[in-house]
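Here's the structure we're looking at; comments come further down.
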Amino acid sequence: MESPAETPKPSDFIREIITEDQKTGKYEKRVHTRFPPEPNGYLHLGHAKSICLNFGIAQEFGGKCNLRFDDTNPEKEEQEYVNSIIDSVKWLGFDFGPEAFYASDYFDFMCRAAEYLISAGHAYVDSQTAEEMRQNRGTLTSPGKDSPFRGRSADENLRLFLEMREGRHEDGSMVLRAKIDMASPNINMRDPALYRIKHAQHHRTGSSWCIYPMYTYAHPLEDAVENITHSICTLEFEDQRPFYDWLLERLADGGLLRRPLPGQLEFARLNLSYTVLSKRILIQLVSEGHVKGWDDPRMPTISGIRRRGYTPEALRNFCERIGVAKRDSMVDLALLEYCIREDLNRRASRVMAVLRPLKVVITNYPEGQEEELEAINNPEDLNAGTRKVPFSRELYIEQDDFCEDPPKQFFRLAPGREVRLRYAYFITCDKVLRDEKTGGIAELHCTYDPETRGGDAPDGRKVKATLHWVSARHALKAEVRLFDTLFTVEEPGAGSGDFRTDINPNSLEILSPCYIEPGLADAAAGDRYQFERMGYFCVDPDSAEGALVFNRTVTLKDTWAKIQKRQNKK
RNA sequence: UGGGGCGUCGACAAACGGCAAGUCAGGAGUUUUUGGAGCUCCCAUUUGGAGGUUCGAAUCCUCCCGCCCCAGCCA
């Protein structure tokens, strides 16, 4: 049936490097990656890329991938974020073993390593203020100056570091720094800070510590302790790699670490048009109330996109399609939308729902009569079977499906015109009734052709359009939430420097009441459907008994909308 | 003006000195009881630019141009 030989292997420069390492036996044929989020926010699409990369590689090479919380800054981190991250990784479909890892579990070791560095003359306690340190760091083009405390003896440094740890000094009064080279052209090598004093409650270690390691110092150690082979991160850490290696080499020399040591590999982070993938800005979107929370369906967070109705499969497929490389790029939102349409087209049951209702009375259909018509659940998957949909004299159709004075390529319903009601009958519009007050279209009077039951005319006559509909008497009322991009421009904030100026004021439109076919009465939160001709929708957790709420995941491809756009331009 | 990266179709992205894959977007057609889906075809004589090496260059060399990152006791 399948031809496994045809399975294309995802390939990128990272996988190539790892394949080479496997050949040379650099890590004794082991592959061990990690996904190391800081629990200071929810995971977003950019993280999804990293998760798929790291866990994907582990799977492909028969290795492991650790989920590790980089919880070294207690002031920004919370348990809620830890929980949401675990939830998102699992939902995406990856297995990180029996438990997650935490940088905070290594604090003791990190501290011992620091003491070793001090005694070996590779680190010192600096009592300069932050401002002084900044001044003495030099600039991009000029070297820095040695700290006046750089020459302290190992004994004094050890004593001071111990005091820092014991809480004898105030926040900011001193830091532990690596002793490397204040004149290095790489600013990251100008004696980077290793430990700072923070009298803060940590979400896991409580008040056991008042000094916390810096990322720069902690991260290589975390990798080494977990026996990571390939430490994959984003481009902005590239300059940090010399320090990563410097640190690990020294600790291996000192016998605190075993070789082979992990190595850092960098790839370009994901950028997506019309969206923002910066934790800082996502936090602001939430805290400033531009959205309703981290899982607002407009958010590019994993929890948001999940609530929106995206599937893990679609997301993983997206991550595979965008590839992995070193060049800065901006992925077209259309690709993400393509991925979810592709997936949902295969699996979502079709159903009829009228979002902006227009009443239609079939004048020649007997009052009080009703019947059930058979509808296909999924033309892409005939195993999904069929269902019965009730039909009666009064129906709703979509307002957009009728036009009193139709433009050139409009072939939906219009006065005197015949169209098909899907799975039902051909109807012809005879009369347009207006609202006395507003003058707007209130109702349509149509006649049906009983010979066309099911949607085919025995005389072979054709219609140019098929409309979805719902029986007024049987319909379920529901609320439907339509989403547009959160931003109006491809690159939010690029022009003004402030993302706020590009926020789309119309990113959410709530429609109510909408009319849904009655079979959906028992739909549960998370259920996904295609509303025929309208798009893919999923049941929002805000739904209550008898009060369904749907989120529009994505529209269907809309050729008519494209034609209209073109017509308007002319 | 220091250091580190990166420039291949509108957007991603392959090609690893042998004659520019694929995908999305866009276009044309076909089909259709979703203007959906499917199917077919079109869409880089050319790889940021200029030189050079070579029988042969997106791939190697030189110079130039452009973009991104680094001066947190953030990660």
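Chain letters run A, B, ... following the sequence lines, proteins first and then strands; every chain starts at 1. Quick note: numbers below take in every heavy atom, side chains included, and nothing from hydrogens, waters or symmetry partners.
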Measuring from the side chain of [X] (C-beta onward, heavy atoms only), which nucleotide among [options] has the closest atom?
X: Met214(A); options: G35(B), U34(B), A75(B); value: A75(B)
X: Gln409(A); options: A75(B), G35(B), G36(B); value: G35(B)
X: Asp12(A); options: G4(B), G3(B), A14(B); value: A14(B)
X: Arg350(A); options: G36(B), G5(B), G35(B); value: G36(B)
X: Asn186(A); options: G3(B), G2(B), G35(B); value: G3(B)

Distance check needed: [N] [atom2] versus [X] [atom1], whole Å only.
X: Leu421(A); N: U34(B); atom1: CG; atom2: P; result: 13 Å
X: Gln240(A); N: A71(B); atom1: CD; atom2: C1'; result: 13 Å
X: Lys326(A); N: A13(B); atom1: NZ; atom2: C1'; result: 17 Å
X: Met330(A); N: G10(B); atom1: CE; atom2: P; result: 16 Å
X: Lys23(A); N: C16(B); atom1: NZ; atom2: C1'; result: 12 Å
X: Tyr212(A); N: C74(B); atom1: OH; atom2: P; result: 13 Å
X: Arg134(A); N: C70(B); atom1: CZ; atom2: P; result: 16 Å

Using the [atom1] atoms only, state how far [M] lies from [N], rounded to an integer number of Å.
N: U30(B); M: C69(B); atom1: C1'; answer: 50 Å
N: A20(B); M: U46(B); atom1: C1'; answer: 7 Å
N: A15(B); M: G26(B); atom1: C1'; answer: 25 Å

Does a nitrogen or oxygen in the side chain of [X] sit under 4.0 Å from OP1 or OP2 of [N]?
X: Thr559(A); N: G36(B); value: yes
X: Arg269(A); N: A75(B); value: no
X: Thr72(A); N: A75(B); value: yes
X: Arg346(A); N: A37(B); value: no

Just by distance, with hydrogens left out, do [X] and [Y] show a side-chain donor and acceptor under 3.5 Å apart?
X: Glu222(A); Y: Tyr217(A); value: no
X: Glu163(A); Y: His169(A); value: yes
X: Gln530(A); Y: Tyr536(A); value: yes
X: Ser127(A); Y: Arg152(A); value: yes

task: Describe, in one word, how the ring planes of Trp246(A) and Phe243(A) are oriented to each other, choosing from parallel (under 30°), tilted (30 to 60°) and perpendicular (over 60°).
output: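 It falls in the parallel class, under 30°.
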task: Using the six-membered ring wherever Trp is involved, compare the ring planes of Tyr102(A) and Phe69(A) and label them parallel, tilted or perpendicular (cut-offs 30° and 60°).
output: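 Rings of Tyr102(A) and Phe69(A): parallel, as their planes differ by under 30°.
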- prompt: Pick the nucleotide of RNA chain B nearest each of Leu140(A) and Glu532(A); which residue has the one closer to the 5' end?
  reply: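 Nearest-nucleotide comparison on RNA chain B picks Leu140(A).
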query: Between Ser142(A) and Gly172(A), which is nearer to the 5' end of RNA chain B once each is assigned its nearest nucleotide?
result: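 Mapping each residue to its closest nucleotide by heavy atoms, the 5'-most match is Ser142(A).
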task: Let me have a per-nucleotide readout for nucleotides 20-29 of chain B, 5' to 3', with B, S or -, counting only protein heavy atoms under 4.0 Å.
output: ---SSSSS--
- prompt: Salt bridge check: are Glu77(A) and Arg204(A) linked by an N-O gap of less than 4.0 Å?
  reply: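 The answer is no: the pair does not qualify as a salt bridge.
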Counting the atoms with a prime plus P, OP1 and OP2 as sugar-phosphate, which does [X] contact under 4.0 Å by heavy atoms, base, sugar-phosphate, or nothing?
X: Met174(A); answer: nothing
X: Glu16(A); answer: base
X: Asp126(A); answer: nothing
X: Phe69(A); answer: nothing
X: Ser329(A); answer: sugar-phosphate
X: Val331(A); answer: sugar-phosphate
X: Ile197(A); answer: nothing
X: Asp70(A); answer: sugar-phosphate
X: Arg137(A); answer: sugar-phosphate
X: Phe237(A); answer: base
X: Gln530(A); answer: base
X: Pro379(A); answer: base
X: Lys279(A); answer: nothing
X: Tyr195(A); answer: nothing

Donor-acceptor pair (no angle test) under 3.5 Å: [X] side chain, [N] base:
X: Asp239(A); N: G3(B); answer: yes
X: Arg241(A); N: G4(B); answer: no
X: Glu380(A); N: G36(B); answer: yes
X: Glu236(A); N: C68(B); answer: no

[atom1] of [X]: more than 12 outside heavy atoms within 6.0 angstrom?
X: Glu170(A); atom1: CD; answer: no
X: Arg269(A); atom1: CZ; answer: no
X: Glu313(A); atom1: CD; answer: yes
X: Lys145(A); atom1: NZ; answer: no

message: Within 90° of 0 counts as syn, otherwise anti: where does G72(B) fall?
response: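 Syn, angle within 90° of zero.
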- prompt: How about Tyr515(A) and Tyr396(A): are their ring centroids closer than 6.0 Å?
  reply: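 Centroid distance Tyr515(A)-Tyr396(A): below 6.0 Å, so yes.
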message: Counting Watson-Crick and G-U wobble pairs with both distances under 3.5 Å, what is the dot-bracket string for RNA chain B, 5' to 3', using [ ] for crossing pairs and | for pairs to another strand?
response: .((((((..(((.....[...))).(((((.......))))).....(((((..]....))))))))))).....
field: Separation between CD of Glu75(A) and CG of Asn40(A), rounded to the nearest 0.5 Å
entry: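 Glu75(A) atom CD to Asn40(A) atom CG measures 12.5 Å (nearest 0.5 Å).
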